[in-house]
Amino acid sequence: TSELSLIPIPSNLLFSDYLASFDLVIFQNFKFAPFIEKKFLENIRAYVHGGGAFLMIGGELSFQGGGYEKTPVEKVLPLKIRDRMELFSEAEFNAQIGEQYWRHPILRLEKNEKQNRVAWNSLPKLNGLNAGLKPVPGAQVLIHDGSTKKAGSSPVFSILKFGKGKSMAMATDSSWNWNFLKIGEGGSGRYYQTFWNNVVSWV
């Protein structure tokens, strides 16, 4: 905001002239207004369709909380934002891998599949989930929250090929638990680093 920054974000340059120079654009728990004019969101859609990459990481200011429903950014996402506002859940949950995705390069924490399953099962729980999100046609939900409710589980990490580009959505802002909590337990944050390295490499 103007009270906290020396200069305003140069959104007119970042999301027009310079956008094509980026390999990956990440919005992390970010509400675009008042920093980015809504008209520039169309440039993000065109950027991804033309071969760019976009990742939205969750939090109270992402998805519905960021005002992205019915915008060009939503068209890019692997998740559909429902019209009604959903609360950001603070409940803990285990990251569950879709059975058909264990060999996906993003999820490969260990080369051996058996060891990879052990690695994922060893990770601390996550907390904080953006609810009210539904996969779009063609999206792959690599990680879900493992809910057994009749309504079904909620997507946690999803990917989509959009035009010539790729988009991803992480519907939580607590993946850092895999690093700090793991280290706090006397372990290593290696799997956290490997996961995000895999994400960037895939995209």
Side-chain angles (χ1 to χ4, degrees), residues 4 22-32 35 48 52-66 68 73 76-79 87-131 133 135 139-148 153-161 165-203:
L4 298 176
F22 291 104
D23 296 314
L24 170 62
V25 174
I26 302 174
F27 282 9
Q28 180 173 356
N29 195 22
F30 178 68
K31 185 174 184 178
F32 71 91
F35 305 102
V48 178
F54 180 79
L55 166 62
M56 181 173 288
I57 298 177
E60 294 179 347
L61 300 180
S62 288
F63 303 103
Q64 297 99 323
Y68 294 101
V73 167
V76 168
L77 293 173
L79 301 175
L87 294 176
F88 181 74
S89 171
E90 295 288 354
E92 287 189 335
F93 62 92
N94 285 311
Q96 299 289 327
I97 308 299
E99 192 59 36
Q100 68 273 39
Y101 298 124
W102 277 104
R103 295 187 178 183
H104 195 283
I106 289 179
L107 303 178
R108 193 167 296 173
L109 304 183
E110 295 283 359
K111 293 181 179 180
N112 178 278
E113 184 173 340
K114 183 177 180 180
Q115 293 176 343
N116 193 43
R117 290 175 181 264
V118 172
W120 276 102
N121 290 333
S122 73
L123 293 177
K125 290 184 177 181
L126 300 175
N127 61 283
L129 181 67
N130 292 87
L133 303 173
Q140 295 176 295
V141 180
L142 304 186
I143 305 174
H144 58 89
D145 71 340
S147 172
T148 57
S153 60
S154 296
V156 176
F157 188 84
S158 310
I159 60 176
L160 177 71
K161 292 184 178 181
K166 297 176 181 178
S167 72
M168 303 173 288
M170 185 79 166
T172 181
D173 62 350
S174 64
S175 68
W176 58 267
N177 286 6
W178 296 339
N179 185 42
F180 293 114
L181 295 187
K182 190 70 173 176
I183 293 174
E185 295 170 353
S188 166
R190 178 169 64 91
Y191 291 145
Y192 169 82
Q193 302 293 340
T194 300
F195 172 76
W196 283 110
N197 284 340
N198 289 348
V199 168
V200 175
S201 295
W202 179 83
V203 79

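In what follows, residues are counted from 1 in the order of the sequence shown.
Here the side chains of Leu133 and Leu77 are not in contact, with every heavy-atom distance at 4.5 Å or above. Residues Asn198 and Thr194 meet the side-chain proximity criterion, which asks for heavy atoms closer than 4.5 Å. Between Glu90 and Glu60, some side-chain heavy-atom pair lies under the 4.5 Å cut-off.
Applying the ring-ring contact (aromatic ring centres under 6.0 Å, His included) test to Tyr68 and every residue at least two apart in sequence or in another chain returns Phe32. Phe30 is linked by a ring-ring contact (aromatic ring centres under 6.0 Å, His included) to Phe27, Phe35, counting only residues two or more places apart in sequence or in another chain. Every ring-ring contact (aromatic ring centres under 6.0 Å, His included) that Phe157 has, sequence neighbours left out, goes to Phe195. Listed by chain and number, the residues in a side chain to side chain donor-acceptor pair (under 3.5 Å) with Asn179 amount to none (sequence neighbours excluded).
Residue Phe180 qualifies as open at atom CZ: its count of foreign heavy atoms under 6.0 Å is 12 or below. Shown here is Asn112, whose CG atom has more than 12 heavy atoms of other residues, nucleotides or ligands within 6.0 Å.
Note that the CD1 atom of Ile57 and the CD atom of Gln28 stand 4.0 Å from one another [nearest 0.5 Å]. Note that CE of Met168 is 6.5 Å distant from CH2 of Trp202, once rounded to the nearest 0.5 Å. Taken to the nearest 0.5 Å, the NE2 atom of His144 stands 10.5 Å off from the OG atom of Ser158. Atom-to-atom distance recorded for Gln100:CD and Leu142:CG is 9.0 Å, nearest 0.5 angstrom.
Residues Ile159 and His104 come closest through the heavy atom pair CD1-NE2, 3.4 Å. For the residue pair Val141 and Pro135, the shortest heavy atom distance occurs at CG2-CG, 3.5 Å. In plain terms, the two heavy atoms of Ala119 and Ser122 that are nearest each other are O-OG, 2.6 Å. Residues Pro124 and Asn177 share a closest heavy-atom pair of CG-O, 3.6 Å. Among all heavy-atom pairs drawn from Leu126 and Ser174, the shortest one is CD2-O, 3.2 Å. Closest of all the heavy-atom pairs between Ser188 and Ile183 is C-CG1, 4.1 Å.
Using a distance-only test at 3.5 Å, with no hydrogens or angles considered, a donor-acceptor pair links the side chain of Ser167 to the main chain of Val76. For the pair Gln64 (side chain) and Ala131 (backbone), a donor-acceptor distance under 3.5 Å is present. A donor-acceptor pair under 3.5 Å links the side-chain atoms of Thr172 to the main chain of Gly128, judged by distance alone.
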So Met170 and Ser175, side-chain contact (heavy atoms from CB on, under 4.5 Å) or not? Walk me through it.
CA-CA 9 Å; Met170 185 79 166; Ser175 68; 3.7 Å; yes
side-chain contact (heavy atoms from CB on, under 4.5 Å) evaluation trace for Ile143 with Ile97
CA-CA 5 Å; Ile143 305 174; Ile97 308 299; 3.8 Å; yes
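Considering Trp178, Tyr191, Tyr101 in turn, Trp178 is the only one that fulfils the ring pair (Phe, Tyr, Trp, His ring centres under 6.0 Å) rule with Trp120. Each of Val73, Asn29, Asn130 was evaluated against Phe63; a single residue qualifies, Asn130, per the side chain to side chain contact (heavy atoms under 4.5 Å, CB included) test. Here the rule is side chain to side chain contact (heavy atoms under 4.5 Å, CB included) with Phe54, and of Val203, Leu160, Val48 only Val48 fits it.
For residues 180-202, the salt bridge (Lys or Arg N to Asp or Glu O under 4.0 Å) pairs, not counting sequence neighbours, are Glu110-Arg190. Among residues at least two apart or in separate chains, salt bridge (Lys or Arg N to Asp or Glu O under 4.0 Å) pairs with a member in residues 116-130 are Glu99-Arg117, Glu113-Arg117.
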